[in-house]
Amino acid sequence: MTQLQVECVQGDIARQADMDAVVNAANAQLMPGAGVAGALHAAAGPGLAQECRSLAPIRPGQAVISSAHGLPNRHVIHCLGPVYGVDEPSDRLLADCFRNALVVADQAGLASIAFPAISTGVFGYPVPEAARVAFDAIAETAPKLVHVNHIRLVLFSAGDCAEFQQALSRSSLRSSG
Ligand code: ADP
């Protein structure tokens, strides 16, 4: 395991030009939608949806990789988060998203990956709980990573960014970065 940098920033997941991969908070069909999926598909162009047709459908917790098309990254890693209180156990399925996306990125030899707050929009996951699950999953997966050395959480609002920052400072990852 190399030295791992983990950080939280407020911003737009479609504008993370210094990262090898961005994660999509996808729907099962990997089609454009609201929120993160809408922003990424709009910036990527129609080629992304076209490529995704052969990768869909995916299950909650699963992660699949595609090209980034018009996005300023090398790849998009698509995760289907759990619908809070519906896809159970929601905490394990959300953790699976982070674990599986990191493993997929590492297997592709990527060094950096940016995540949005998966499941906290339309899927209704409370932000403080989602943040804790995310950092626990990252901490658990970190020792297995060979190539990934930079993980960024990109939060749309200042309030969500503060919640994630607080969860990071309470996690076992706090000394990294
Ligand atoms: P889900 O369906 O998994 O809940 P959403 O895309 O609805 O996914 O929302 C996930 C989170 O991403 C929400 O907190 C939402 O505010 C945030 N979000 C929406 N658009 C963007 C964007 N362009 N960049 C970063 N985060 C975003």
Side-chain angles (χ1 to χ4, degrees), residues 6-46 48-49 52 55-66 68-102 104-105 112-138 150-168 171:
V6 184
E7 63 184 355
C8 305
V9 303
Q10 186 185 355
D12 182 342
I13 192 71
R15 294 173 179 267
Q16 304 298 317
D18 58 331
M19 303 304 276
D20 290 335
V22 287
V23 173
N24 182 15
N27 48 62
Q29 297 304 323
L30 305 181
M31 286 297 114
V36 167
L40 289 177
H41 278 275
L48 181 61
C52 281
L55 303 173
I58 62 169
R59 300 176 309 279
Q62 198 181 348
V64 295
I65 189 167
S66 74
H69 299 268
L71 284 159
N73 313 98
R74 288 169 62 189
H75 291 282
V76 179
I77 297 174
H78 307 263
C79 292
L80 178 59
V83 178
Y84 188 67
V86 174
D87 296 315
E88 296 284 7
S90 291
D91 56 350
R92 186 175 61 72
L93 293 170
L94 184 59
D96 284 348
C97 287
F98 284 87
R99 283 194 282 261
N100 289 331
L102 287 170
V104 163
S112 55
I113 177 169
F115 287 89
I118 299 169
S119 283
T120 66
V122 176
F123 287 179
Y125 217 112
V127 170
E129 283 177 52
R132 185 176 46 73
V133 170
F135 291 121
D136 284 353
I138 291 169
H150 185 181
I151 300 171
R152 178 179 294 160
L153 278 294
V154 180
L155 295 315
F156 215 31
S157 74
D160 289 355
C161 192
E163 292 281 7
F164 270 73
Q165 196 66 61
Q166 190 173 47
L168 175 57
S171 80

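Start at 1 and go down the list; that is how both ligands and their atoms are numbered.
Taking every heavy atom of Ala39 and a limit of under 4.0 angstrom, the matching atoms of ligand 1 come to 23 (N). Near Gly11, the atoms of ligand 1 lying under 4.0 angstrom from a non-hydrogen atom of the residue are 24 (N), 25 (C). Of all atoms in ligand 1, listed by their number and element, those nearer than 4.0 Å to a heavy atom of Ala25 are 3 (O), 8 (O). Numbered from 1 in the order shown, with element, the atoms of ligand 1 that lie under 4.0 Å from a heavy atom of Ile13 read 22 (C), 24 (N), 25 (C). Proximity to Asp12 (heavy-atom distance under 4.0 Å) selects the following atoms of ligand 1: 22 (C), 23 (N), 24 (N).
Note that the NE2 atom of His41 and the CG atom of Leu71 stand 9.5 Å from one another [nearest 0.5 Å]. Atom CG in Asn27 sits 7.5 Å away from atom CG in Leu80 (nearest 0.5 Å).
Ranking the protein heavy atoms by distance from atom 26 (N) of ligand 1 puts Phe156 CB, 3.7 Å first. Looking only at heavy atoms of the protein, atom 7 (O) of ligand 1 is closest to Val122 N, 3.0 Å. Shortest contact from atom 13 (C) of ligand 1 to any protein heavy atom: Thr120 OG1, 3.3 Å.
Considering backbone and side-chain atoms together, Val154 places no N or O closer than 3.5 Å to any N or O of ligand 1. An N or O contact shorter than 3.5 Å links Val36 to ligand 1 by distance. Considering both main-chain and side-chain atoms, Pro116 never comes within under 3.5 Å of ligand 1 through any nitrogen or oxygen pair.
For Ser66 and His75, the side-chain atoms include no donor-acceptor pair closer than 3.5 Å. No donor-acceptor contact under 3.5 angstrom links the side chains of Gln62 and His78, judged on distance only.
Using cut-offs of 30° and 60° on the angle between ring planes, the pair Phe164 and Phe135 is perpendicular.
Residue Ser157 places every heavy atom at 4.0 Å or more from ligand 1.
Using a 4.0 Å cut-off between heavy atoms, Asp160 contacts ligand 1 through its side chain alone, with no backbone atom that close.
Closest heavy-atom approach to atom 5 (P) of ligand 1 among the candidates Ser119, Gly121, Ala117: Gly121.
Among all heavy-atom pairs drawn from Leu153 and Pro116, the shortest one is CD1-O, 4.3 Å. When every heavy atom of Ala137 is checked against every heavy atom of Phe98, the shortest pair comes out as CB-CB, 3.9 Å. Scanning all heavy atoms of the two residues, the minimum distance from Val104 to Ile65 falls at CG1-CB, 3.7 Å.
Distances from atom 15 (C) of ligand 1 to the protein include no heavy-atom value under 4.0 Å.
Using a 4.0 Å cut-off between charged side-chain N and carboxylate O, Asp18 and Arg152 make a salt bridge.
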Side chain to side chain contact (heavy atoms under 4.5 Å, CB included) between Val22 and Leu40: does it pass, once the steps are laid out?
CA-CA 9 Å; Val22 287; Leu40 289 177; 4.0 Å; yes
